[in-house]
Colleague: 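I have a structure I would like to understand better, so I am pasting it below and will then ask my questions one at a time.
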Amino acid sequence: MRSSIILASVLGALTVLAAPTSPSLNLNSALPGQAETVTEYFNMLAQKVQEGRSMAVAPVCDLSKAKMAIAPTPLPVPAEGLKLKHVAIGRGTQNYTCDVTNATAVPAQTGAVATLFNASCVAATYPDLLNMLPKLAMSFNLTEVEQKMGPSNLAISGQHFFTNTTTPFFNLDTTRATLGEAGCTKANATSAPANAPKGQLGEPAVPWLKLVTHVGATGNLQEVYRIETAGGSAPATCKGMPATFEVQYSAQYWFFEGTAA
Ligand SMILES: *[C@@H]1O[C@H](CO)[C@@H](O)[C@H](O)[C@H]1NC(C)=O
Ligand SMILES: *[C@@H]1O[C@H](CO)[C@@H](O)[C@H](O)[C@H]1NC(C)=O
Ligand SMILES: *[C@@H]1O[C@H](CO)[C@@H](O)[C@H](O)[C@H]1NC(C)=O
Ligand SMILES: *[C@@H]1O[C@H](CO)[C@@H](O)[C@H](O)[C@H]1NC(C)=O
Ligand SMILES: *[C@@H]1O[C@H](CO)[C@@H](O)[C@H](O)[C@H]1NC(C)=O
Ligand SMILES: *[C@@H]1O[C@H](CO)[C@@H](O)[C@H](O)[C@H]1NC(C)=O
């Protein structure tokens with residue numbers, strides 16, 4: 001398939017991995033505008049390849065060039081003195097519980113489980129492409145994805161899960177790199193923009209968050225942002241919902257390290 005050859009050549013240059021085999025696209029899912037997303041995505045990649053031909057050198061991964069854009073939202077900026085350490089695309093589920101005896105009860109969040117894919121070099125090189133990745137990632141089913149995020153060959157850079165219902169945890173220690181691990185507390189939250197990508201069944205995007213790490217975090221990890229979310233929200237009430245359920249989501253995660261000034 002021509003488009004995946006283009007994809008492999010672009011992302012391959014960034015991630016230094018073997019050529020990927022593409023999982024099938026979920027083109028018939030209920031995601032509105034999905035075909036448009038995939039087309040947009042491949043068009044953009046084709047354009048990047050074109051631009052790449054006129055570059056004197058291969059794209060260089062320099063995190064100081066990556067800029068987190070939280071401007072349209074009221075999330076506080078990272079503490080002064082912190083430095084960007086890693087950017088990942090998370091793809092997984094938000095988990096909820098419901099009181100099945102009460103149709104007006106509100107679903108409670110019990111956690112999330114996601115695979116983190118290394119998007120640091122994309123963030124440094126192609127920020128416009130980066131911002132399409134959560135939406136694109138929603139086009140592929142989790143089980144299918146396994147070790148891959150759709151047809152991209154972005155490497156896995158970690159895992160995200162909860163250690164209890166209020167403690168999101170990030171483990172960035174893999175065989176490829178050891179960047180640290182951290183339990184976190186929510187420091188601030190703001191609704192995703194109204195035009196944020198919806199989930200596979202049209203679920204609204206989960207809020208954008210600022211998290212701060214707990215004492216005991218390794219790798220000098222201090223703050224984690226969840227932005228550019230896609231899907232993941234529970235319905236407004238428990239009406240017709242089972243006692244436990246999951247909602248597919250994707251997001252960008254930005255990790256900051258250092259010592260706050
Ligand atoms: C993705 O999962 C949904 C729900 O389980 C299923 O209906 C759909 O066929 C799957 N799509 C692909 C491409 O596997
Ligand atoms: C979140 O940050 C905004 C501005 O940065 C601030 O006005 C608001 O009070 C903060 N909310 C919480 C819960 O800290
Ligand atoms: C059902 O949930 C609503 C919303 O949380 C709450 O106000 C109400 O008291 C609950 N009813 C029962 C019977 O628990
Ligand atoms: C969330 O869903 C995942 C995937 O099914 C499951 O492995 C995990 O145990 C669930 N976590 C919680 C906290 O319910
Ligand atoms: C992400 O990819 C870059 C470039 O290949 C690499 O330097 C970095 O160690 C990777 N990070 C993780 C957490 O795997
Ligand atoms: C969850 O874990 C955190 C950190 O270990 C702890 O401070 C908090 O009390 C725990 N909360 C619950 C409800 O167990």
Side-chain angles (χ1 to χ4, degrees), residues 8-20 57-66 68 83-91 95-127 129-130 133 147-149 152-187 211-225 234-243 251-257:
S9 59
V10 172
L11 296 179
L14 299 172
T15 60
V16 202
L17 278 182
V57 290
V60 177
C61 174
D62 174 3
L63 268 185
S64 70
K65 297 214 157 50
M68 183 170 71
K83 183 173 125 243
L84 181 62
K85 181 166 200 168
H86 185 58
V87 181
I89 301 295
R91 177 67 178 88
N95 293 14
Y96 299 93
T97 56
C98 259
D99 175 356
V100 293
T101 65
N102 183 351
T104 62
V106 176
Q109 199 195 350
T110 52
V113 183
T115 303
L116 301 173
F117 294 90
N118 189 346
S120 287
C121 293
V122 183
T125 319
Y126 299 131
L129 176 57
L130 180 77
L133 290 179
Q147 303 298 301
K148 288 186 192 305
M149 197 194 83
S152 84
N153 57 359
L154 295 180
I156 290 176
S157 57
Q159 301 294 331
H160 170 45
F161 49 90
F162 274 58
T163 51
N164 66 27
T165 56
T166 55
T167 309
F169 195 89
F170 297 88
N171 180 349
L172 296 179
D173 288 342
T174 66
T175 51
R176 280 195 189 83
T178 300
L179 299 192
E181 52 181 29
C184 300
T185 299
K186 198 187 292 182
L211 308 170
V212 293
T213 63
H214 290 168
V215 171
T218 59
N220 218 4
L221 291 168
Q222 301 290 338
E223 297 182 354
V224 183
Y225 284 75
T237 70
C238 286
K239 190 173 177 213
M241 299 308 293
Q252 287 176 12
Y253 288 96
W254 291 65
F255 297 88
F256 290 85
E257 66 176 339

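Only a predicted model underlies this, so the values are computations on that prediction, with no experimental measurement involved. Counting starts at 1 for both ligands and their atoms, following the listed order.
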Colleague: Going by the angle between their ring planes, with limits at 30° and 60°, are Tyr225 and Phe256 parallel, tilted or perpendicular?
Modeller: perpendicular
Colleague: Rounded to the nearest 0.5 Å, how far apart are CG of Asp99 and OG1 of Thr104?
Modeller: 8.5 Å
Colleague: Just verifying a value: how many Å separate Leu84 CG and Trp254 CH2, rounded to the nearest 0.5 Å?
Modeller: 6.0 Å
Colleague: Partners of Lys65 by salt bridge (charged side-chain N to carboxylate O under 4.0 Å, His left out), sequence neighbours excluded?
Modeller: Asp62
Colleague: Between CD1 of Ile156 and OG1 of Thr175, what distance do you get to the nearest 0.5 Å?
Modeller: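 Between Ile156 CD1 and Thr175 OG1, I get 9.5 Å after rounding to 0.5 Å.
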Colleague: Distances under 3.5 Å, N/O of ligand 3 against N/O of the protein: list each pair and its distance.
Modeller:
{"unit_1": "ligand 3", "atom_1": "2 (O)", "unit_2": "Asn102", "atom_2": "OD1", "d": "3.4"}
{"unit_1": "ligand 3", "atom_1": "2 (O)", "unit_2": "Asn102", "atom_2": "ND2", "d": "2.4"}
{"unit_1": "ligand 3", "atom_1": "11 (N)", "unit_2": "Asn102", "atom_2": "ND2", "d": "2.8"}
{"unit_1": "ligand 3", "atom_1": "14 (O)", "unit_2": "Asn102", "atom_2": "ND2", "d": "3.3"}

Colleague: Answer with side chain, backbone, both or neither: which part of Ala155 has a heavy atom less than 4.0 angstrom from an atom of ligand 5?
Modeller: neither
Colleague: If the cut-off is 4.0 Å to any non-hydrogen atom of Ala177, which atoms of ligand 5 fall inside it?
Modeller: 9 (O), 12 (C), 13 (C), 14 (O)
Colleague: Does any N or O atom in Asn164 lie less than 3.5 angstrom from one in ligand 6, N or O only?
Modeller: yes
Colleague: With a cut-off of 4.0 Å, which atoms of ligand 5 are near a heavy atom of Leu179?
Modeller: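 Going through ligand 5 atom by atom, the ones under 4.0 Å from Leu179 are 13 (C).
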Colleague: Mind checking whether Thr167 has an N or O less than 3.5 Å away from an N or O of ligand 6?
Modeller: yes
Colleague: Can you check whether Lys85 reaches Leu63 side chain to side chain, under 4.5 Å on heavy atoms?
Modeller: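 No, too far: nothing below the 4.5 Å cut-off.
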Colleague: When you compare ligand 5 with Ser120, is there at least one nitrogen or oxygen pair between them that comes in under 3.5 angstrom?
Modeller: no
Colleague: Relative to the heavy atoms of Cys121, which atoms of ligand 5 are at a distance of less than 4.0 Å?
Modeller: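 Near Cys121, the atoms of ligand 5 are 4 (C).
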Colleague: As an exercise, identify every atom of ligand 5 less than 4.0 angstrom from a heavy atom of Asn118.
Modeller: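 It comes down to these atoms of ligand 5: 1 (C), 2 (O), 3 (C), 8 (C), 10 (C), 11 (N), 12 (C), 14 (O).
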Colleague: Ile89 versus Gln252: any side-chain heavy-atom pair under 4.5 Å?
Modeller: yes
Colleague: Rounded at 0.5 Å granularity, tell me how far CD in Gln159 sits from CG in Leu116.
Modeller: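 The distance works out to 6.5 Å.
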Colleague: When rounded to the nearest 0.5 angstrom, what distance separates CG in Leu221 from CG in Leu179?
Modeller: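 With rounding to 0.5 Å, CG (Leu221) is 7.5 Å from CG (Leu179).
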Colleague: Ser157 heavy atoms, cut-off 4.0 Å: which ligand 5 atoms fall inside?
Modeller: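 Atoms satisfying the 4.0 Å criterion: 12 (C), 13 (C), 14 (O).
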Colleague: Got a second to check how far Leu133's CG is from Phe117's CZ, nearest 0.5 Å?
Modeller: 11.0 Å
